[in-house]
Q: 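Here you go, one structure.
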Number of protein chains: 2
Amino acid sequence: MNSSDKKLIPYSKLLDDFKLLLRRNGLKFTVQREMILDVLYNSSEHLTPEELYELVKEQNPNLKTGIATVYRTLSLLEGERIVSSLSFGAQGKKYELGAKEHHDHMICTSCASIIEFVDEIIERRQQEIAKQFGFDMRDHSMQIYGICKNCKEKEK
Amino acid sequence: MNSSDKKLIPYSKLLDDFKLLLRRNGLKFTVQREMILDVLYNSSEHLTPEELYELVKEQNPNLKTGIATVYRTLSLLEGERIVSSLSFGAQGKKYELGAKEHHDHMICTSCASIIEFVDEIIERRQQEIAKQFGFDMRDHSMQIYGICKNCKEKEK
DNA sequence: GTCGCTGCAAAGTCTTTGCAGAGAG
DNA sequence: CTCTCTGCAAAGACTTTGCAGCGAC
């Protein structure tokens with residue numbers, strides 16, 4: 001599993017942050033919410049709500065879980081910037097924990113696979129452009145859309 | 001309308017290419033297909049299928065047009081690389097002609113103003129990165145979020 | 001004339017919502 | 001106890017598909 005090489009914070013810290021956030025907003029800490037956070041933390045992939053739902057059920061077969069709760073929790077987490085979402089090709093979104101190192105995305109519009117990358121030249125250039133416009137850059141996102149190697153080969 | 005300053009090829013050329021392509025594939029050139037291409041050509045925006053459908057109806061109220069045809073035509077055009085699609089936030093896709101100049105966005109989170117820009121260094125670098133991964137880049141989008149010059153000055 | 005195209009409506013997907021009971025605080 | 005959450009099923013939003021008639025070639 002190569003999921004651990006992207007972790008910036010330990011799970012316990014993430015969990016504490018989440019609990020604090022819930023308390024501050026008069027929301028409740030439930031098993032379902034913990035499971036969803038857990039699965040997100042332990043996955044190196046970008047997950048669709050459906051995939052996340054399956055993983056949660058798999059990891060805890062005793063707990064009844066509805067997909068509606070997954071959607072509701074993702075919505076909550078995204079609003080709090082704990083996860084971020086990407087839209088890809090056909091339909092739907094994929095989610096990932098925001099607590100990872102910054103990276104950009106290359107998205108295959110054919111198979112919806114996602115390649116993460118960071119490029120220093122681009123990162124630096126963005127800063128320069130922002131500066132040029134007197135713009136105070138706080139964040140950015142970049143997606144490259146196209147056809148990945150695998151799909152290109154399949155097409156032939 | 002500032003849509004015209006982005007055109008890379010004249011409409012007549014685009015239309016001829018489209019007709020040729022149809023003929024080559026044993027497909028037919030219909031009024032609906034022409035209308036859709038026309039609206040796409042004359043819009044500087046990324047359009048949702050729904051928006052495109054509305055514009056087509058508006059521009060040609062006499063012609064009966066179904067949204068299914070819009071979807072089918074977009075699918076065809078995308079398959080032939082004449083239009084490209086982008087998935088945005090919420091849901092659904094937006095389409096635009098591939099024959100336009102590309103630009104990125106700098107978005108002020110304070111006043112929501114948008115600055116468009118193109119940077120050759122970044123554009124080139126993206127191509128290189130895609131190539132590195134054996135990825136066939138079709139499109140990309142980049143957003144820089146932050147505080148624009150005006151808002152920064154106001155804050156003081 | 002043939003065979004692809006179109007509009008319509010029905011059927012699919014994916015996501016959200018209403019509700020009554022369960023459970024966290 | 002109170003008030004939020006949850007699962008379920010129903011409702012929505014967005015796309016695709018089947019079909020019979022229409023129209024490009």
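A note on names: the letters A, B, ... follow the listed sequences, proteins ahead of strands, and every chain is numbered from 1. Quick note: numbers below take in every heavy atom, side chains included, and nothing from hydrogens, waters or symmetry partners.
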Q: B:Glu80 side chain to B:Leu77 main-chain N or O, any donor-acceptor pair under 3.5 Å?
A: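 No.
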Q: Counting just side-chain N and O atoms, does A:Gln32 come under 4.0 Å of either OP1 or OP2 of C:dG23?
A: no
Q: Measure the distance from CG on A:Leu27 to C1' on D:dT6 and round it to the nearest whole Å.
A: 14 Å
Q: When you match B:Ile67 and B:Lys28 each to their closest nucleotide on DNA chain D, which lands nearer the 5' end?
A: B:Ile67
Q: Between the main-chain N or O of A:Ile121 and the side-chain N or O of A:Asp119, is there a donor-acceptor pair closer than 3.5 Å?
A: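 A pair under 3.5 Å: yes.
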Q: Between B:Leu63 (CG) and C:dC5 (P), how many Å, whole number?
A: 16 Å
Q: Go through B:Glu128 and B:Arg125 one step at a time and tell me if the salt bridge (Lys or Arg N to Asp or Glu O under 4.0 Å) criterion holds.
A: CA-CA 5 Å; B:Glu128 284 170 22; B:Arg125 190 67 192 144; 2.7 Å; yes
Q: B:Leu77 has an atom CG; how far is it from atom P of C:dC5, in whole Å?
A: 12 Å
Q: Regarding C:dG4, can its base be found pairing with the side chain of B:Arg72 as donor and acceptor, where the two atoms are less than 3.5 Å apart?
A: no
Q: Rounded to the Å, how far apart are A:Arg33 CZ and C:dA22 P?
A: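 For the pair A:Arg33 CZ and C:dA22 P, the rounded distance is 19 Å.
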Q: Taking atom C1' of C:dT6 as reference, at what distance in whole Å does atom CG of B:Leu76 sit?
A: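 Rounding to the nearest Å, CG of B:Leu76 and C1' of C:dT6 are 14 Å apart.
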Q: Of B:Phe29 and B:Glu50, whose nearest nucleotide on DNA chain D comes first from the 5' end?
A: B:Glu50
Q: Rounding to an integer number of Å, can you tell me how far A:Lys64 NZ sits from C:dA22 P?
A: 11 Å
Q: Counting only side-chain nitrogens and oxygens, does A:Thr65 get under 4.0 Å of the OP1 or OP2 atom of D:dT6?
A: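 Negative; the distance criterion is not met.
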Q: Map A:Ala68 and B:Ala68 onto DNA chain C by nearest heavy atom, then report which one ends up closer to the 5' terminus.
A: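 Here B:Ala68 is the residue nearer the 5' end.
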Q: Measuring from the side chain of B:Val31 (C-beta onward, heavy atoms only), which nucleotide among D:dC5, D:dC14, D:dA24 has the closest atom?
A: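 For the B:Val31 side chain, the nearest candidate turns out to be D:dA24.
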Q: Whole Å only: how far is the OH atom of A:Tyr71 from the P atom of C:dT13?
A: 13 Å
Q: Could you check how far CG of B:Leu74 sits from P of D:dT15, rounded to whole Å?
A: 10 Å
Q: Under 4.0 Å, heavy atoms only, any strand: does A:Ser75 hit a base, just the sugar-phosphate, or nothing?
A: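 Here A:Ser75 touches no strand at all.
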Q: For B:Arg23 and D:dC25, is the shortest distance between a side-chain N/O and OP1 or OP2 below 4.0 Å?
A: no
Q: With a cut-off of less than 4.0 Å, is there a side-chain N or O of A:Thr30 near OP1 or OP2 of D:dT6?
A: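 Yes, within the criterion.
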Q: Is there a side-chain contact (heavy atoms from CB on, under 4.5 Å) between B:Phe29 and B:Leu15? Walk through the geometry before answering.
A: CA-CA 10 Å; B:Phe29 181 70; B:Leu15 199 56; 4.0 Å; yes
Q: Distance alone, cut at 3.5 Å: any donor-acceptor contact between the side chains of A:Ser141 and B:Gln143?
A: yes
